[in-house]
Undergrad: 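Have a look at the structure that comes next, please.
All chains are named by letter (A, B, ...) in the order of the sequence lines, taking the proteins before the strands, and each is independently numbered beginning at 1.
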Amino acid sequence: MNQPLTHISLLNEVQQKAVTAEPSHLLILAGAGSGKTRVLVHRIAWLLQYGNITPFNILAVTFTNKAANEMRERLNKLVTIPTSNMWVGTFHGIAHRLLRIHWNEAGLSQNFQIIDSEDQKRLIKKIHKTLNLDDKKWPVENSQWFINNKKDEGLRPDKINSGGDLITATLLKVYTAYTAECKRNSLLDFAELLLCSYELMHNCPELLVSYQQRFQHILIDEFQDTNKIQYLWIHLLASGGSSHLTIVGDDDQSIYGWRGAKVENMQRIKTDFPDIKVICLEQNYRSSGNILSAASSVIANNCNRWNKTLWTTKEPGELINLYVAINEIDEAKFVVKQIHKYLHTGIAPNDIAILYRSNAQSRVFEEELLKEGIPYTIYGGYRFFERAEIKDTLAYLRLLVNPNDDASFERIINFPARGIGDVTLSLIREKARADNISLWYATQSVISEQKLSSRMTEILHSFIELIKNLAIEIADMPLDKQINQVLYRSGLYNHFKDDNTTKGDIRTENLEELINAARQFVLDTTESPPLINAFLARVALESDAVGSKEAKNTVQIMTLHSAKGLEFPILFLVGMEMGLFPHHSSLNNPSALEEERRLCYVGITRAMSKLFLSCAQVRRLRGIESYCMPSKFLREIPPHLLNTLSQITTIYPEKRSVSVWENNKTASTTKIKIADATDSQWKIGQKVSHPKFGTGIILEINGKGDNAKIKIKFEQWGIKLLVAMYANLR
DNA sequence: GACGCTCTCATTTTT
DNA sequence: TGAGAGCGTC
């Protein structure tokens with residue numbers, strides 16, 4: 001019974017204060033590595049023990065599924081009472097849960113389906129076609145961005161005024177048509193889940209009150225990453241008078257601005273709930289002194305910050321290693337060699353992680369790890385449930401659940417190939433539009449009206465029959481058998497089985513894995529059958545949770561974004577180059593650059609004792625070799641914290657590279673003539689300066705003209721790191 | 001209508 | 001580099 005108490009004694013004074021704070025609104029500013037998850041979990045345990053409430057009265061919202069699972073796991077270790085009726089989940093997960101329960105009040109159909117961004121894109125593309133919009137002039141991505149943005153802001157099409165602006169007016173037209181299409185097909189995208197559940201609460205006062213009374217404690221993690229609609233949703237739920245907020249956030253770790261997250265929410269909550277109590281967690285338990293100093297130095301370059309200083313009682317520890325690689329392959333080889341060494345000293349693989357800015361960078365590392373036989377787990381990138389063959393199968397399932405799902409219909413009407421081509425499909429689409437019915441019913445109209453050749457009518461008829469019969473056949477089967485049946489009857493399984501290439505093998509394997517995932521889902525789930533809907537929802541919302549193989553003791557590879565909330569004793573932060581990290585698109589945008597810097601801060605603070613940073617001088621990206629400058633974030637780390645492992649390096653003069661990375665415009669003014677390299681003007685030992693890299697000394701000059709190679713030692717970079725530049729030496 | 005070929009084009013992060 | 005569109009051939 002006093003279990004939590006003993007645990008609480010292990011927390012520091014401020015943490016204890018946060019955990020045991022009297023029920024009121026609470027804002028915990030928790031720096032990186034200050035034990036915020038610990039505090040959150042302990043707070044829940046404390047409330048359960050002393051707060052005179054049950055798990056039923058608690059709502060805990062996290063940002064990712066990973067975090068939600070971890071929270072529940074840790075909580076179950078801490079408390080003895082069952083917590084299954086406590087709501088823990090992501091914003092999207094909780095919103096979905098509400099909508100499944102109250103679909104009627106929300107004005108949805110009972111079997112509504114969730115679509116992911118790829119499905120959404122396909123749908124918008126289709127709408128562009130019907131609106132006669134040229135995809136070149138009107139990129140689908142723009143429309144998608146516009147729609148999601150407006151939804152994140154809580155704006156429906158009728159609330160938007162284009163103000164006579166053609167671009168906005170057109171996007172608005174797409175948004176309107178898209179909304180109608182989703183409605184007719186009973187499809188909800190990610191943003192819609194949030195908006196819809198907000199509107200549900202907003203429009204049903206009695207429902208709102210019942211939830212306000214139920215959730216006496218609402219705990220929100222990663223608050224800095226909430227967007228407007230999420231904020232409004234929280235605000236609504238917490239405004240009942242009987243509920244108390246516990247909010248945890250760190251403005252320095254806000255990295256989802258590009259997705260509509262508003263750091264300002266952290267300020268706003270103080271205005272909206274003036275009695276909110278603020279507690280700062282500033283002691284870092286995770287990283288060594290040097291790593292923490294480096295992180296602090298980097299983030300200090302951001303202007304818009306709250307005052308918060310992390311400190312630690314830990315020893316400085318080792319220096320931060322910096323490796324300047326020749327190219328991305330050399331970089332990967334270096335990293336893998338280091339990993340190899342550590343594994344030999346008995347370090348567990350899952351204590352090591354490689355983090356990068358973009359998924360495209362993962363390939364080289366995978367290849368090298370594979371070569372060395374080092375087990376690894378890769379997060380993100382190609383997710384299991386985003387693979388084509390899986391989506392094909394799911395499309396059959398979705399059509400079975402909801403015949404009005406046009407997106408799924410289009411996906412599978414002719415897959416595997418049945419001889420239904422564009423001409424036939426256009427006719428069906430035309431019919432659907434004219435009668436305002438779904439493609440499924442339009443097809444049946446077309447059949448009965450005998451508008452097509454008898455052969456085509458027969459083909460369409462047998463497709464309709466296939467789906468109808470399948471629905472009957474699988475009605476009483478367990479979920480995994482249902483999927484199995486769909487795979488065989490649709491011909492999907494044989495289609496991939498007949499493909500004797502490796503690709504085909506992988507695909508059939510994936511299909512079998514899908515059946516396994518379904519079997520596992522049946523075992524794990526607490527829902528009652530029929531389970532198809534629950535399974536489809538889970539798949540859409542947690543696309544990497546099911547089906548991905550267990551990440552048992554392997555080296556962890558992932559993007560910086562997905563590393564948020566994690567920690568690793570040994571960490572490699574790779575691809576530290578201008579244009580890659582900070583990303584190209586942020587170079588001309590100060591606020592985007594600050595977000596990149598926060599991302600860098602998040603990255604560095606993931607490391608516990610050993611941190612390796614690396615950059616490549618030449619990088620092959622999308623088939624083109626580019627010459628790179630080291631990331632400006634590297635220069636924001638005090639040189640005395642760095643241990644440079646690279647040999648003296650040489651960068652080849654290449655004009656193109658200058659224009660690639662320098663402000664994205666041709667840098668004719670900053671280009672120098674390396675042709676001068678052997679002129680008397682340039683001598684070994686001569687002092688040179690560069691606007692970005694400061695002063696240095698020429699060590700070596702090789703070759704002539706455009707082929708000349710210069711080695712320069714820059715003061716700012718310490719004794720070993722030498723970055724010879726090909727631009728603007730004066 | 002299916003399939004294979006060439007050409008073009010855009011490149012971030014995730015629920 | 002690799003996905004998608006467009007085009008020509010079977």
Undergrad: Please determine if a side-chain N or O atom of A/R598 lies less than 4.0 Å away from the OP1 or OP2 oxygen of B/dT13.
TA: no
Undergrad: Within this structure, what is the CD1-to-C1' distance between A/I459 and B/dA2, rounded to whole angstrom?
TA: 13 Å
Undergrad: Indicate, with a heavy-atom threshold strictly under 4.0 Å, whether A/N414 touches base, sugar-phosphate, or nothing.
TA: sugar-phosphate
Undergrad: Should A/N359 be listed as having a side-chain N or O under 4.0 Å from OP1 or OP2 of B/dT14?
TA: yes
Undergrad: Could you state the CG-P distance from A/L541 to B/dT15, rounded to the nearest angstrom?
TA: 10 Å
Undergrad: Considering just the side-chain nitrogens and oxygens of A/T559, establish if one lies under 4.0 Å of OP1 or OP2 belonging to B/dT12.
TA: no
Undergrad: Check the distance between C/dA3's P and A/R122's CZ and give it to me in whole angstrom.
TA: 14 Å
Undergrad: In whole angstrom, what separates A/Y256's OH from B/dT15's P?
TA: 6 Å
Undergrad: For A/R418 and B/dA2, give me the distance from atom CZ to atom C1', rounded to whole Å.
TA: 15 Å
Undergrad: By the 4.0 Å heavy-atom rule, please label A/S585 as base, sugar-phosphate, or nothing.
TA: base
Undergrad: Please work out whether the ring planes of A/F215 and A/Y211 are parallel, tilted or perpendicular, with thresholds of 30° and 60°.
TA: parallel
Undergrad: State, without any angle test, whether A/Q361 and A/E328 hold a side-chain donor-acceptor pair at a distance under 3.5 Å.
TA: no
Undergrad: Can you confirm if the aromatic rings of A/F91 and A/H96 lie within a centre distance of less than 6.0 Å?
TA: no
Undergrad: Run the side-chain hydrogen bond (donor to acceptor under 3.5 Å, both in side chains) test on A/T559 and A/S562 for me, step by step, so that the C-alpha distance in whole Å, both residues' side-chain angles and the decisive distance to 0.1 Å come before the verdict.
TA: CA-CA 5 Å; A/T559 62; A/S562 35; 2.7 Å; yes
Undergrad: Please figure out whether A/T424 or A/T90 has its closest DNA chain B nucleotide nearer the 5' end.
TA: A/T424
Undergrad: Regarding A/R455, tell me which of base, sugar-phosphate or nothing describes its non-hydrogen contacts under 4.0 Å with the strands shown.
TA: nothing
Undergrad: Among the candidates C/dG2, B/dT15, B/dT12, find the nucleotide nearest to the side-chain atoms of A/R363.
TA: C/dG2
Undergrad: Reckon A/S117 touches a base, only the sugar-phosphate, or nothing at all at heavy-atom distances under 4.0 Å?
TA: base
Undergrad: Rounded to whole Å, how long is the line connecting atom NE2 of A/H128 with atom P of C/dA5?
TA: 14 Å
Undergrad: Hey, does A/K125 reach any base, or is it just sugar-phosphate, or nothing, if we go heavy atoms under 4.0 Å?
TA: sugar-phosphate
Undergrad: Check whether A/Y256 forms a cation-pi arrangement with A/R259 (NZ or CZ under 6.0 Å from the six-membered ring centre, at most 45° off the ring normal).
TA: yes
Undergrad: With heavy-atom distances below 4.5 Å as the criterion, would you say the side chains of A/Q113 and A/V401 are in contact?
TA: yes
Undergrad: Tell me the interatomic distance from A/I114, atom CD1, to B/dT14, atom P, rounded to whole angstroms.
TA: 19 Å
Undergrad: Kindly state whether the pair A/W258 / B/dT13 counts as stacked, where counting means centroids closer than 5.5 Å and planes tilted less than 30° apart.
TA: yes
Undergrad: Between C/dG4 and B/dT13, how far apart are the two P atoms, rounded to whole Å?
TA: 16 Å
Undergrad: Is the ring centre of A/H583 under 5.5 Å from the base ring centre of B/dT12, and are the two planes under 30° apart, so that they stack?
TA: yes
Undergrad: Whole angstroms only, please: what is the CD1-C1' distance between A/I413 and B/dG1?
TA: 14 Å
Undergrad: Taking the nucleotide of DNA chain B with the closest heavy atom to each, which residue, A/E141 or A/S562, is nearer the 5' end?
TA: A/E141
